[in-house]
**Q** 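Mind looking over this structure? Questions follow.
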Amino acid sequence: MKIAFVGKGGSGKTTLSSLFIRHLAAAGAPVVAVDADINQHLGAALGLDEAEAAALPAMGDQLPLIKDYLRGSNPRIASAATMIKTTPPGEGSRLLRVRGDNPVYDACARPVELDGGTVRLMVTGPFTEADLGVACYHSKTGAVELCLNHLVDGRDEYIVVDMTAGSDSFASGMFTRFDITFLVAEPTRKGVSVYRQYKEYARDYGVRLAVVGNKVQGQDDLDYLREQVGDDLLVTVGHSDWVRAMEKGRPPRFDLLEDANRRALHALRTAADATYDERDWERYTRQMVHFHLKNARSWGNERTGADLAAQVDPDFVLGESVVANA
C-alpha cells in the first residue's frame with residue numbers, strides 16, 4: 001500500500017506518520033518510510049538523534065544512480081540524462097519492490113530499528129543554503145516521484161510518505177501516486193483549510209482521502225470536524241503522554257501507547273488495506289502518463305533536448321502482473 005500523510009504545517013502529520021510506521025513495524029509488516037517534507041523531521045520522530053538524521057543520504061544526491069538503475073534496458077529512453085521526475089516505466093525498465101534489495105535502496109535507504117521491527121528510511125534531503133534563490137523544493141522530491149512511478153507493491157507491503165506541508169504537494173503529479181492519503185487536520189479553521197484545498201484539487205483524479213483529526217480535546221472539537229469534513233473524517237487523536245515523551249527523545253516501549261491511539265492507528269491500517277482490492281493499475285498508469293506529457297510540454301522537452309513523449313510505452317501497464325511475468 002502506498003500511503004501519504006499531508007496537512008498544514010504544525011498539524012502533527014510527521015508525528016502521526018511516524019506512529020503509523022511504528023504500528024506497521026510492530027505488526028511485522030515490511031515498510032519503506034520516506035521523508036519528503038522540506039523540514040525533514042521524520043528521522044527524529046522515528047528515534048534517530050541529530051547526527052544520525054543528518055547522516056542519512058539524500059535521494060536527490062543519488063538521482064543519476066536512481067535514473068540509471070530504473071532505466072534498465074528500456075529502448076524508449078535514450079539515456080538516463082533524458083529521464084525526468086515523471087518518466088514512466090515501460091518494457092525493459094527496472095521496477096522497485098518494498099521487499100528485497102536493489103542499488104537504489106543500497107544508496108538511499110537506511111535501516112531504522114524500532115521496538116518490534118525494522119523499517120527502511122529514505123529522505124529527500126534538506127533544503128540547503130546552496131538551493132536558496134536557485135531551486136524550488138519540488139526539485140528535491142523528484143527522486144521520490146520517479147521511484148513511486150517504478151514501484152510495485154503488494155498486499156501487506158507498505159510505503160509511507162511524509163509529504164511537504166500544505167497544498168504544495170499539487171505542484172507535481174505525486175499526489176496521485178498513493179492508494180490512500182491521510183490528511184491530518186486540527187479542529188480549527190486553518191486546520192481544515194488544507195483539507196478543502198486538497199479535496200478540491202484531487203476531485204478529478206480519484207484520490208482517496210481520509211481525514212485524521214488531531215489534537216482533539218473534547219466533544220466540541222469532534223463536532224466541529226464532523227461538521228467541516230463530513231464522512232471524510234476517519235479517526236481522531238487526542239493528547240498522548242507517549243508522544244510527549246517521544247518528542248523529548250525518550251519514547252517508551254511502543255506497546256505502552258494509549259489504547260485509544262492504538263485503536264486509531266489500527267483504523268488507519270484497516271482503511272489502507274481496504275484499498276488493495278479496489279486498485280486500478282490502468283488508471284494509475286494513465287495518470288502517470290498524463291503528468292509526464294504535461295511536464296514534457298511545460299519544461300522537460302526544452303531542458304533535456306528530447307521529445308519526452310516518445311518515452312511513453314502505450315502497451316505498458318504497471319502492476320504486480322508485470323513483476324510476475326518478468
Side-chain angles (χ1 to χ4, degrees), residues 1-6 13 16-17 19-34 36 88-90 93 95-100 116-117 119-120 144-145 147-163 169 173-184 195 198-199 201-213 229-237 262-291 313 315-326:
M1 302 287 97
K2 294 179 286 291
I3 300 158
F5 279 81
V6 301
K13 66 178 182 61
L16 283 170
S17 62
L19 288 176
F20 186 61
I21 291 164
R22 290 176 184 270
H23 175 73
L24 294 174
V31 181
V32 175
V34 181
S93 295
L95 303 176
L96 303 176
R97 297 300 306 259
V98 173
R99 292 181 170 94
V119 303
R120 284 184 168 125
V144 180
E145 186 169 358
C147 286
L148 288 174
N149 281 356
H150 290 74
L151 176 74
V152 177
D153 54 311
R155 189 187 295 275
D156 298 323
E157 298 177 334
Y158 301 88
I159 180 162
V160 181
V161 182
D162 182 22
M163 299 279 278
S169 304
M174 194 160 70
F175 73 97
T176 65
R177 303 295 83 201
F178 302 100
D179 294 292
I180 192 167
T181 295
F182 293 130
L183 190 145
V184 181
Y195 160 76
Y198 222 105
K199 182 83 169 178
Y201 293 157
R203 189 181 308 277
D204 296 332
Y205 293 95
V207 172
R208 184 179 296 273
L209 185 65
V211 174
V212 182
V229 308
D231 292 340
D232 285 339
L233 181 63
L234 177 62
V235 294
T236 61
V237 179
R262 187 181 304 280
R263 289 193 298 270
L265 295 175
H266 177 75
L268 295 186
R269 182 176 183 180
T270 298
D273 289 347
T275 67
Y276 180 83
D277 292 326
E278 300 176 13
R279 282 183 162 186
D280 185 344
W281 285 105
E282 290 188 359
R283 184 183 71 180
Y284 187 85
T285 305
R286 188 167 60 249
Q287 289 177 341
M288 189 190 312
V289 170
H290 166 78
F291 282 104
D313 185 341
D315 299 321
F316 184 87
V317 176
L318 188 67
E320 292 178 76
S321 62
V322 176
V323 179
N325 294 331

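What's counted below: heavy atoms across the whole structure, side chains too, no hydrogens, waters or symmetry copies. What you are looking at is a predicted structure, and each value in this text was computed from that prediction instead of being measured.
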**Q** So which atom in Arg283 and which in Gly206 form the shortest heavy-atom distance, rounded to 0.1 Å?
**A**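 Closest heavy-atom pair between Arg283 and Gly206: NH2-O, 3.5 Å.
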
**Q** Could you pull out all residues at least two apart from Arg263 that satisfy salt bridge (charged side-chain N to carboxylate O under 4.0 Å, His left out)?
**A**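 None.
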
**Q** Mind checking what makes side-chain hydrogen bond (donor to acceptor under 3.5 Å, both in side chains) contact with Arg120, not counting sequence neighbours?
**A**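 Arg120 satisfies side-chain hydrogen bond (donor to acceptor under 3.5 Å, both in side chains) with Asp101 only.
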
**Q** May I ask you to decide if Arg177's main-chain N or O and Lys2's side chain share a donor-acceptor pair within less than 3.5 Å?
**A**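 A pair under 3.5 Å: no.
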
**Q** Tell me every residue that passes ring-ring contact (aromatic ring centres under 6.0 Å, His included) with Tyr276, counting only those two or more places apart in sequence or in another chain.
**A**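 Counting only residues at least two positions away or on another chain, Tyr276 forms no ring-ring contact (aromatic ring centres under 6.0 Å, His included).
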
**Q** Quick one: CG on Leu16 to CG on Asp162, what's the gap to the nearest 0.5 Å?
**A**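 The CG atom of Leu16 sits 10.0 Å away from the CG atom of Asp162.
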
**Q** So, using salt bridge (charged side-chain N to carboxylate O under 4.0 Å, His left out) as the criterion, who are the partners of Asp277 when residues are at least two apart?
**A**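 Asp277: salt bridge (charged side-chain N to carboxylate O under 4.0 Å, His left out) contacts with Arg155.
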
**Q** My understanding is that only residues two or more places apart in sequence, or in another chain, count here; which of them pass ring-ring contact (aromatic ring centres under 6.0 Å, His included) with Tyr284?
**A**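 Scan of Tyr284 (ring-ring contact (aromatic ring centres under 6.0 Å, His included), adjacent residues dropped) gives Trp281.
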
**Q** With a 4.5 Å heavy-atom cut-off, do Met288 and Pro89 have their side chains touching?
**A**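 Yes, their side chains come closer than 4.5 Å.
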
**Q** Sequence neighbours left out, what passes salt bridge (charged side-chain N to carboxylate O under 4.0 Å, His left out) with Asp273? Give chain and number order.
**A**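 Asp273 satisfies salt bridge (charged side-chain N to carboxylate O under 4.0 Å, His left out) with Arg269 once adjacent residues are dropped.
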
**Q** Looking at the rings of Tyr205 and Phe175, which for Trp means the six-membered one, are their centres under 6.0 Å apart?
**A**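 Close enough - the centres of the two rings lie under 6.0 Å apart.
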
**Q** Does any part of the side chain of Leu95, heavy atoms only, come nearer than 4.5 Å to the side chain of Leu318, both counted from C-beta?
**A**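 Yes; the side chains approach each other to less than 4.5 Å.
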
**Q** Report the residues that fulfil side-chain hydrogen bond (donor to acceptor under 3.5 Å, both in side chains) with Asp204, sequence neighbours left out, ordered by chain and then residue number.
**A**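 For Asp204 there are no side-chain hydrogen bond (donor to acceptor under 3.5 Å, both in side chains) partners, ignoring immediate neighbours.
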
**Q** Looking at every non-hydrogen atom in both residues, tell me the closest pair between Ala4 and Met163 and how far apart they are.
**A**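 Here Ala4 and Met163 meet closest at CB-CG, 3.9 Å.
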
**Q** What pair of heavy atoms forms the shortest contact from Ala25 to Val31, and how long is it?
**A**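 Here Ala25 and Val31 meet closest at N-CG2, 4.4 Å.
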
**Q** Compare every heavy atom of Val235 with every heavy atom of Ala267, then report the nearest pair and how far apart it is.
**A**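 Closest approach of Ala267 to Val235, heavy atoms only: CB-CG1, 3.4 Å.
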
**Q** Is there a side-chain contact between Val119 and Leu24 (heavy atoms, below 4.5 Å)?
**A**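 Of all side-chain heavy-atom pairs linking Leu24 with Val119, none is under 4.5 Å.
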
**Q** Is the shortest heavy-atom distance from the side chain of Asp153 to the side chain of Arg279 under 4.5 Å?
**A**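 When only atoms from C-beta onward are counted, Arg279 and Asp153 do touch, with a gap below 4.5 Å.
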
**Q** Locate the shortest heavy-atom distance separating Val98 from Tyr158; write the atom from each residue and the value.
**A**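 That closest heavy-atom pairing would be CG1-O, 3.8 Å.
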
**Q** Side chains of Leu234 and Leu268: does their closest heavy-atom pair fall under 4.5 Å?
**A**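 Leu234 reaches Leu268 side chain to side chain.
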
**Q** Walk me through whether Val322 and Val152 qualify under side chain to side chain contact (heavy atoms under 4.5 Å, CB included).
**A** CA-CA 9 Å; Val322 176; Val152 177; 5.7 Å; no

**Q** Name all residues meeting the side-chain hydrogen bond (donor to acceptor under 3.5 Å, both in side chains) criterion together with Thr181; count only those two or more places apart in sequence or in a different chain, and write none if there are none.
**A**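 side-chain hydrogen bond (donor to acceptor under 3.5 Å, both in side chains) list for Thr181, sorted by chain: empty.
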
**Q** Between Tyr201 and Val207, is there a side-chain heavy-atom distance shorter than 4.5 Å?
**A**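 Side chain of Val207 against side chain of Tyr201, heavy atoms only: no contact under 4.5 Å found.
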
**Q** Check for a donor-acceptor pair, side chain of Thr236 on one end and backbone N or O of Gly213 on the other, with a separation under 3.5 Å.
**A**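 Looks like no, no N/O pair under 3.5 Å.
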
**Q** Side chains of Ile159 and Leu151: closer than 4.5 Å at any heavy-atom pair?
**A**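 The answer is yes; the side chains approach within 4.5 Å.
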
**Q** Tell me every residue that passes side-chain hydrogen bond (donor to acceptor under 3.5 Å, both in side chains) with Tyr195, counting only those two or more places apart in sequence or in another chain.
**A**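 Tyr195 satisfies side-chain hydrogen bond (donor to acceptor under 3.5 Å, both in side chains) with Asp232 only.
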
**Q** So which of Leu183, Val161, Val160 actually passes side-chain contact (heavy atoms from CB on, under 4.5 Å) with Phe5?
**A**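 Output: one option passes, namely Val160.
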
**Q** Quick one: list whatever passes salt bridge (charged side-chain N to carboxylate O under 4.0 Å, His left out) with Glu145, sequence neighbours left out.
**A**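 Scan of Glu145 (salt bridge (charged side-chain N to carboxylate O under 4.0 Å, His left out), adjacent residues dropped) gives none.
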
**Q** Check side chain to side chain contact (heavy atoms under 4.5 Å, CB included) between Thr275 and all other residues, then give those that pass, not counting sequence neighbours.
**A**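 So Thr275 forms a side chain to side chain contact (heavy atoms under 4.5 Å, CB included) with Met1, Asp179, Ile180, Arg208.
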
